[in-house]
Amino acid sequence: MAQSIDSFLHRDLRATAVSARCVFVDDWEPIDGGVIEIDREGRIADRHDRTHEAEYDLGSVALLPGLVNAHTHLEFSDIREPIAPGPPFPDWIRRLVQWRREHGWAKGDALHAGWNESACCGTTLLGEISTGGDVTPHDPMGAVIFREVIGFLPEQKDAALQAARQFLDDEIAEPGATTISRKGLSPHAPYSVHPELFNALVDLAAEHAAPVAVHLAETREELQFLRDADGPLADLLRHFGVFRDDAFNGGLRPLAYLEKLAKLEKVLVVHGNYLGPEEIDFLATRPQFSVVYCPRTHRFFEHESHPWRELLERGINVALGTDGRGSNPDLSIWNEMLLLRSRHPELEAATLADLVTRGGAVALGCDDQQGRLSVGKRACWTEVALDDACDAKVTLDSVISAGRRVTGSAVDGFRIASLFGGVDG
Ligand SMILES: [Zn+2]
């Protein structure tokens, strides 16, 4: 569990210059003793190595572009341990619903805990799936909020569509100047959203130029459901009384959903664990799509190996997400990346670092603001503690390694930093 944000130091660093032992600017170029100049609007005005010009020395830390967690469900942040076992997935959904019934739900408290934990883990931008209620991010944090929509019975369509339209039309209250919020829609998944409702939601998102996030190609059971209109997920829907055999004929693959989504400006394919060659070919020529891989949730459900490296090789944008705490022990996107680092030491550090910085920012349509420490972008960074005793030159390889801890972050020049030397999720 992360520390409480109450134990973090808060400071407005706009219109100042800060230095750190190493700052990774632009495309991961390290500047020893690097300085970031921040303008009054919280943007990066300059970066250089004239340390004598810095007003604040952040000390023995590496400054990376702010970490992006492209997929969360913060409303589950009151779950202390993942609801094990993971597989089979339909049974896990049953247990999750059961857990919620037994434990009650102070939804506002759970959301607050999730925003808090994310900030403490050094996240500066979140892709959050919301079922309504208080969607206001607690600063400092950037966020894209996707309204989740569910409904597989034809008679649910109108009300579900109306809720989605209302969400896009409503203003989101932004606390202070530190939040960059966009709104999007999340038709939950092909097995929980009727194809007609799905089409209507895509049309609505297109009208509003809103991004869309969909859980797609997540499980083998989903592929079976789409093909046969039957199987364990159909049984699950029947169990909850939200499926009728005449509502869906099957005969589909995830590709059919990608084809519907292709007219949108930004689409996040969440999980994509079972994307096949046809789907990957389709994505490879459509830069509006990103795939959000959730490594520890993927491991929790014991899925077959994820195609993320093939996706990268094909030029498809890949971001990482933690998913919710029902399937993950914490909300640290840094820990997601370190898991991949331990599994794939042969990969370039920059390839992995991109997944949780620029890759996430591109997926959420915020790469004009975050993802790199470059002049003109917002002053959003994450601080990683370095070993004080080590004189060796700091490299990205040495920063992205097991045991390194996130100790602080900044969003638009507002910094929070741990008073106790780090957070390990
Ligand atoms: Zn999810």
Side-chain angles (χ1 to χ4, degrees), residues 68-79 82-84 86-97 99-100 107 110-111 113-115 117-118 123 125-133 135 143-151 164 184-193 198 201 211-222 225 233 236 254 257 261 266-275 289-303 306 308 318-333 335-336 339 355-356 359-360 363-364:
V68 183
N69 182 356
H71 183 65
T72 61
H73 301 258
L74 296 183
E75 66 184 33
F76 294 115
S77 301
D78 54 337
I79 299 176
I83 297 177
F89 178 74
D91 290 357
W92 177 82
I93 292 184
R94 279 193 180 87
R95 282 198 304 280
L96 184 66
V97 171
W99 189 94
R100 184 56 83 205
K107 189 171 175 181
L111 288 168
W115 290 117
E117 183 181 351
S118 299
T123 303
L125 178 62
L126 270 175
E128 157 68 350
I129 308 292
S130 167
T131 56
V135 297
V144 177
I145 310 283
F146 298 90
R147 179 66 158 88
E148 183 172 275
V149 183
I150 284 178
L185 295 179
S186 180
H188 171 256
Y191 60 84
S192 57
V193 177
F198 192 93
L201 290 167
V212 163
V214 188
H215 298 83
L216 190 66
E218 182 177 3
T219 62
R220 285 231 167 264
E221 290 90 341
E222 176 196 321
F225 177 84
L233 282 171
L236 178 75
Y257 290 82
L261 291 160
K266 273 293 167 198
V267 182
L268 292 85
V269 175
V270 178
H271 299 304
N273 300 325
Y274 295 91
L275 291 168
F289 284 91
S290 295
V291 174
V292 183
Y293 170 34
C294 301
R296 287 183 295 169
T297 289
H298 179 275
R299 180 177 66 182
F300 177 73
F301 287 111
E302 301 175 18
H303 290 302
H306 193 283
W308 64 281
V318 178
L320 299 189
T322 58
D323 216 344
R325 286 189 66 131
S327 56
N328 208 5
D330 60 59
L331 297 174
S332 167
I333 201 69
N335 286 344
E336 301 292 339
L339 173 64
L355 297 173
V356 291
L364 293 168

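Just so you know, ligand 1 is whichever comes first in the structure, and atom 1 is the first atom listed for that ligand.
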If I consider every N, O or S atom in [X], which one ends up closest to the Zn ion (ligand 1)? I only need its name.
{"X": "D323", "result": "OD1"}
{"X": "H73", "result": "NE2"}
{"X": "H71", "result": "NE2"}

Q: Taking the side chain as every heavy atom from C-beta outward, state whether P190 and F225 have any atom pair closer than 4.5 Å.
A: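 No - every pair of side-chain heavy atoms lies 4.5 Å or more apart.
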Q: Could you tell me whether the side chain of E336 reaches within less than 4.5 Å of the side chain of V356, counting heavy atoms only?
A: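 Contact flag for V356/E336 side chains = no.
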Q.
Within 2.8 Å of the Zn ion (ligand 1), is there any N, O or S atom belonging to C294?
A.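 False for C294.
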Q) Got a sec: is H271 within less than 2.8 Å of the Zn ion (ligand 1) via an N/O/S atom? A)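 No, H271 does not qualify, because none of its backbone or side-chain N, O or S atoms lies under 2.8 Å.
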Q. Does the gap between the ring centers of F300 and H303 come in under 6.0 Å?
A.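 No, ring centres 6.0 Å or more apart.
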Q. How about N328 and T322: does a side-chain donor come under 3.5 Å of a side-chain acceptor?
A.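 No, because no side-chain N or O of N328 sits under 3.5 Å from a partner of the opposite role on T322.
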Q. Between K107 and D78, does a salt bridge (Lys or Arg N to Asp or Glu O under 4.0 Å) hold up when you go through it step by step?
A. CA-CA 9 Å; K107 189 171 175 181; D78 54 337; over 6 Å; no
